[in-house]
Amino acid sequence: MALKERLEKTKEIKVWFGELPVESLYTAGIAGERFLRTLKDKGEFTGTKCERCGIVYVPGRIFCERCLARLEEWVKVGSSGVLESWTVLHQGLDGKGLEKPITVGMVRLDGASTVIIHLLDNLDGKALKIGMRVKAVLKPKNKRTGAITDILYFQPE
């Protein structure tokens, strides 16, 4: 039966009440894994540079999103950068109110062309300004797991 036929027969629509046992496994991919391993092992931020466009993607990518060139040149970027934008969240992903608001920002690290979105030191938005300098605060090396949460937050420099 074609999709169009199904839409025309709306009286045949059935409902199933219950739960579907769905599992998924999200991976960071080849470039994401390299970014996270370097962050875990060395406490350094890296990205990939497009030889054609000159764009430095952080975290790294396998291909350039603008010209579709394969990206193979890995470069080290700074752990400090510029706050491009920020917002204060009062609700969690589940839609429920947070006990304490959290602040999330878009940070363009020194040497990067793209931004990384992460938690900011929770200043309740009072001392934050677009264009201000911020730096990453990482977990101690022995506590890092190779996840984006190895970055605790960004704080004003």
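Counting begins at 1 with the first residue of the sequence.
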Is there a side-chain contact between [X] and [Y], using heavy atoms and a 4.5 Å cut-off?
| X | Y | value |
| --- | --- | --- |
| Phe35 | Val58 | yes |
| Ile148 | Ile116 | yes |
| Arg70 | Ile62 | yes |
| Leu128 | Thr103 | yes |
| His90 | Leu98 | no |
| Asp150 | Leu138 | no |

For residues [X] and [Y]: do they belong to one hydrophobic cluster (side chain heavy atoms under 4.5 Å, members Ile, Leu, Val, Met, Phe, Trp, Tyr)?
| X | Y | result |
| --- | --- | --- |
| Val104 | Leu152 | yes |
| Phe63 | Tyr57 | no |
| Met132 | Ile151 | yes |
| Val88 | Val107 | yes |
| Tyr153 | Ile102 | yes |

Considering all heavy atoms, the nearest [X]-[Y] contact:
| X | Y | value |
| --- | --- | --- |
| Gly60 | Trp74 | CA-CH2, 4.0 Å |
| Val115 | Glu84 | CG1-CG, 3.9 Å |
| Phe45 | Gly78 | CB-O, 3.9 Å |
| Cys53 | Arg66 | SG-CB, 4.3 Å |
| Ser113 | Gly54 | OG-O, 4.2 Å |

Does Lys135 offer a backbone N or O that forms a donor-acceptor pair with the side chain of Ser80 under 3.5 Å?
no
Measuring from atom [atom1] of [X] to atom [atom2] of [Y], what distance do you get when rounded to the nearest 0.5 angstrom?
| X | Y | atom1 | atom2 | answer |
| --- | --- | --- | --- | --- |
| Trp86 | Leu120 | CH2 | CG | 9.0 Å |
| Thr114 | Glu65 | OG1 | CD | 8.0 Å |
| Ile130 | Met106 | CD1 | CE | 10.0 Å |
| Thr149 | Arg144 | OG1 | CZ | 12.0 Å |
| Lys139 | Lys40 | NZ | NZ | 11.5 Å |
| Lys141 | Lys42 | NZ | NZ | 9.5 Å |

Mark yes when over 12 heavy atoms from residues, nucleotides or ligands other than Glu99 sit less than 6.0 Å from its CD; otherwise mark no.
no
Got more than 12 heavy atoms from elsewhere within 6.0 Å of CZ, Arg133?
yes
For the pair Glu73 and Lys49, find out whether any cationic side-chain nitrogen is under 4.0 Å from an anionic carboxylate oxygen.
no
Using 30° and 60° as the class limits, which term best fits the ring planes of Phe154 and His118: parallel, tilted or perpendicular?
perpendicular
